[in-house]
Amino acid sequence: MNIFDDLRGMYTLVLDDDEWIRNSLRVSFEMEGCPITVFETAEEALEELKRKQYDIIIFDYKLPSMDGLEFVKLVPKSSSGAIKILISAYLTEKLISEIKKLPVKGIIEKPFDSATLLSSLS
């Protein structure tokens, strides 16, 4: 069974200021028929999360106006059940210990491939 089979019924939000990552994930998910919405800024993503429920939230650590730790703390309570995955090229032991205090299911180090991302969702 393909992980995308499970994801077809789930809504995914991606927050990353890297256009290549946003577009790559969007194309991969859309090719498999999985609903996905991508955002460049935390503010845009937070506004969207006020309007719509998502099952999966994939977000970058290093963002222009706030970091991923700040972002995940501001995710509305209505999205508390969403699977949250942090992606980062700046992982340190200190950052990992901070992330583990938050409701984040997985941590993925950049660069990553779709197999790594998909395995963190299963």
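Worth saying up front: this structure is predicted, and the values here are computed from it rather than measured.
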**Request:** Report yes or no: does Ser24 contribute a side-chain atom to a donor-acceptor pair with the main-chain N or O of Trp20 at less than 3.5 Å?
**Result:** yes
**Request:** Kindly indicate whether the side chain of Glu40, heavy atoms from C-beta on, has any atom under 4.5 Å from the side chain of Glu19.
**Result:** no
**Request:** Identify whether the distance between the nearest side-chain nitrogen and carboxylate oxygen of Glu70 and Lys73 falls below 4.0 Å.
**Result:** no
**Prompt:** What closest approach, in Å, do Val75 and Ile57 show between heavy atoms, and which atom pair accounts for it?
**Reply:** CG1-CD1, 4.1 Å
**For Ser65, side chain to side chain contact (heavy atoms under 4.5 Å, CB included) partners two or more places apart** = Glu43
**Message:** According to a hydrophobic-cluster definition based on side-chain heavy atoms being under 4.5 Å apart (Ile, Leu, Val, Met, Phe, Trp, Tyr only), do Ile107 and Leu63 belong together?
**Reply:** yes
**Request:** With the side chain counted from C-beta on, respond yes when Phe59 and Ile85 share a heavy-atom pair under 4.5 Å apart, and no when they do not.
**Result:** no
**Shared hydrophobic cluster for Leu95 and Met66 (ILVMFWY, side-chain gaps under 4.5 Å)** = yes
**Message:** So, taking the atom named CG in Leu69 and the one named OG in Ser88, what distance separates them when rounded to the nearest 0.5 Å?
**Reply:** 9.0 Å
**Request:** Mind running side-chain contact (heavy atoms from CB on, under 4.5 Å) on Tyr61 and Ile87 for me, showing each step along the way?
**Result:** CA-CA 6 Å; Tyr61 171 68; Ile87 54 178; over 6 Å; no
**Item:** Shared hydrophobic cluster for Leu102 and Leu49 (ILVMFWY, side-chain gaps under 4.5 Å)
**Value:** yes
**Heavy-atom donor-acceptor pair, Arg8 side chain to Glu32 backbone, under 3.5 Å** = yes
**Asked** If you take all heavy atoms of Ile83 and Met10, which pair is closest and at what distance?
**Response** CD1-CE, 4.3 Å
**Prompt:** Does a side-chain N-to-carboxylate-O contact under 4.0 Å join Asp16 and Lys110?
**Reply:** yes
**Asked** Is it the case that one hydrophobic cluster holds both Leu15 and Ile108, taking links as side-chain heavy atoms less than 4.5 Å apart, direct or via other members?
**Response** no
**Fill in**
Shortest non-hydrogen pair, Lys105 vs Ser120, comes out as NZ-O, 3.1 Å
**Prompt:** So, Gln53 side chain and Ser78 main chain: donor-acceptor pair closer than 3.5 Å or not?
**Reply:** yes
**Prompt:** With under 30° as parallel and over 60° as perpendicular, where do the rings of Tyr11 and Tyr54 fit, or are they tilted in between?
**Reply:** perpendicular
**Message:** Among residues at least two apart in sequence or on other chains, which ones pass side chain to side chain contact (heavy atoms under 4.5 Å, CB included) with Thr12?
**Reply:** Val14, Phe29, Ile36, Ile56, Ile58
**Asked** Atom CG of Asn23 and atom OG of Ser28: how far apart are they, to the nearest 0.5 Å?
**Response** 10.5 Å
**Request:** State plainly whether one hydrophobic cluster holds both Leu117 and Leu91, where clusters connect Ile, Leu, Val, Met, Phe, Trp and Tyr through side-chain heavy atoms under 4.5 angstrom apart.
**Result:** no
**Item:** Separation of Glu44 CD from Thr37 OG1 (nearest 0.5 Å)
**Value:** 12.0 Å
**Prompt:** Which heavy atom of Val104 sits nearest a heavy atom of Leu86, and at what distance?
**Reply:** CG1-N, 4.0 Å
**Prompt:** Listed by chain and number, what are the side chain to side chain contact (heavy atoms under 4.5 Å, CB included) partners of Lys62, not counting sequence neighbours?
**Reply:** Tyr90
**Prompt:** Taking C-beta and beyond as the side chain, do Asp60 and Asp17 meet within less than 4.5 Å on heavy atoms?
**Reply:** yes
**Complete:** Distance col, row Arg26:CZ vs Ile21:CD1, nearest 0.5 angstrom, shows 14.0 Å
**Complete:** Tightest non-hydrogen contact, residues Lys84 and Ser79, listed as NZ-O, 3.3 Å
